[in-house]
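Counting from 1, the numbers follow the sequence of the chain as shown. Heavy-atom basis, side chains included; hydrogens, waters and symmetry copies ignored. If you're wondering where the values come from, they're calculated on a predicted model, not measured in any experiment.
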Amino acid sequence: MERGSNRLSAHRDEEMKHELQGLLRSGHPTRAEEWHDPEPVADDDPTVAGGPVRPGAGGTTVAAVRLELARSLGRTSFPAGPRELVGVLREQYAPDTLVEPLERLPEDARYANAQELAEAVVRSATPEA
């Protein structure tokens with residue numbers, strides 16, 4: 001039994017799967033007319049859309065790290081130390097690329113909000129000159 005609303009019929013759904021089959025198998029557009037192809041990714045698309053944020057990777061900003069941390073932690077997690085925050089991130093199934101930098105932070109540190117935490121994570125992930 002199907003629940004909820006569905007704009008497409010089962011027949012149209014199967015038709016759409018068939019249309020995408022060539023693209024999924026080949027890895028490139030298979031249409032004869034170029035105007036049918038989807039638009040490529042823009043240069044100014046946010047980094048977050050491409051996958052998880054990796055603190056320490058080139059071009060990762062404090063704002064991007066703060067956004068990812070805030071998504072998983074929320075306001076109720078603060079103030080807290082890195083060990084407590086790692087536990088919350090693990091409970092929320094945050095990506096390891098976001099959790100591992102917190103494990104390297106000093107144990108005696110306390111963070112009042114996601115901004116302070118993001119600054120500490122980015123600072124600790126950047127290689128010293």
Side-chain angles (χ1 to χ4, degrees):
M1 170 185 266
E2 189 172 327
R3 296 182 188 193
S5 62
N6 188 356
R7 298 179 326 146
L8 305 175
S9 67
H11 175 70
R12 178 67 179 135
D13 193 33
E14 289 299 318
E15 184 180 321
M16 290 172 71
K17 284 180 188 175
H18 180 72
E19 288 176 8
L20 282 174
Q21 214 169 31
L23 174 66
L24 295 174
R25 286 186 181 173
S26 67
H28 59 82
T30 56
R31 298 192 185 266
E33 289 107 10
E34 191 175 298
W35 62 271
H36 280 293
D37 295 340
E39 289 186 25
V41 177
D43 291 337
D44 61 348
D45 280 350
T47 309
V48 177
V53 171
R54 289 179 213 93
T60 303
T61 64
V62 173
V65 174
R66 182 188 65 229
L67 175 66
E68 286 299 307
L69 288 169
R71 283 183 179 168
S72 297
L73 294 173
R75 292 182 180 172
T76 58
S77 302
F78 296 99
R83 300 301 163 246
E84 299 162 88
L85 296 170
V86 165
V88 174
L89 288 173
R90 295 266 185 227
E91 288 174 5
Q92 296 295 324
Y93 301 105
D96 288 339
T97 56
L98 194 61
V99 176
E100 289 168 357
L102 268 71
E103 293 173 338
R104 293 189 294 267
L105 292 175
E107 288 187 33
D108 58 340
R110 299 283 295 170
Y111 304 100
N113 54 38
Q115 178 68 30
E116 287 181 14
L117 180 60
E119 289 171 356
V121 167
V122 170
R123 205 173 31 247
S124 70
T126 55
E128 298 297 323

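Here the CG-CZ distance, from N113 to R75, works out to 10.5 Å after rounding to the nearest 0.5 Å. In this structure, CG on L98 lies 4.5 Å from CG on L69, to the nearest 0.5 angstrom. In this structure, E68 CD and L89 CG are separated by 10.5 Å, a value rounded to the nearest 0.5 Å. A distance of 7.5 Å separates CG of L73 from CG of L102, quoted to the nearest 0.5 Å. Atom-to-atom distance recorded for E119:CD and Q115:CD is 4.5 Å, nearest 0.5 angstrom.
Within the 4.5 Å cutoff, the side chain of Y93 has no heavy atoms near those of the S72 side chain. In this structure, S124 and L105 have side chains that are in contact, with non-hydrogen atoms separated by less than 4.5 Å. The shortest distance between side-chain heavy atoms of T61 and V122 does not fall below 4.5 Å. Inter-residue side-chain proximity for R104 and E100 is flagged as met; some heavy-atom pair is nearer than 4.5 Å.
Taking a cutoff of 4.0 Å between a charged side-chain nitrogen and a carboxylate oxygen, R83 and D108 do not qualify as a salt bridge. In summary, R90 and E103 engage in a salt bridge, as defined by a charged side-chain N under 4.0 Å from a carboxylate O.
Considering every non-hydrogen atom in both A112 and F78, the closest pair reads O-CB, 3.1 Å.
The backbone N or O of A80 lies less than 3.5 Å from no partner atom in the side chain of E84, so there is not a single donor-acceptor pair.
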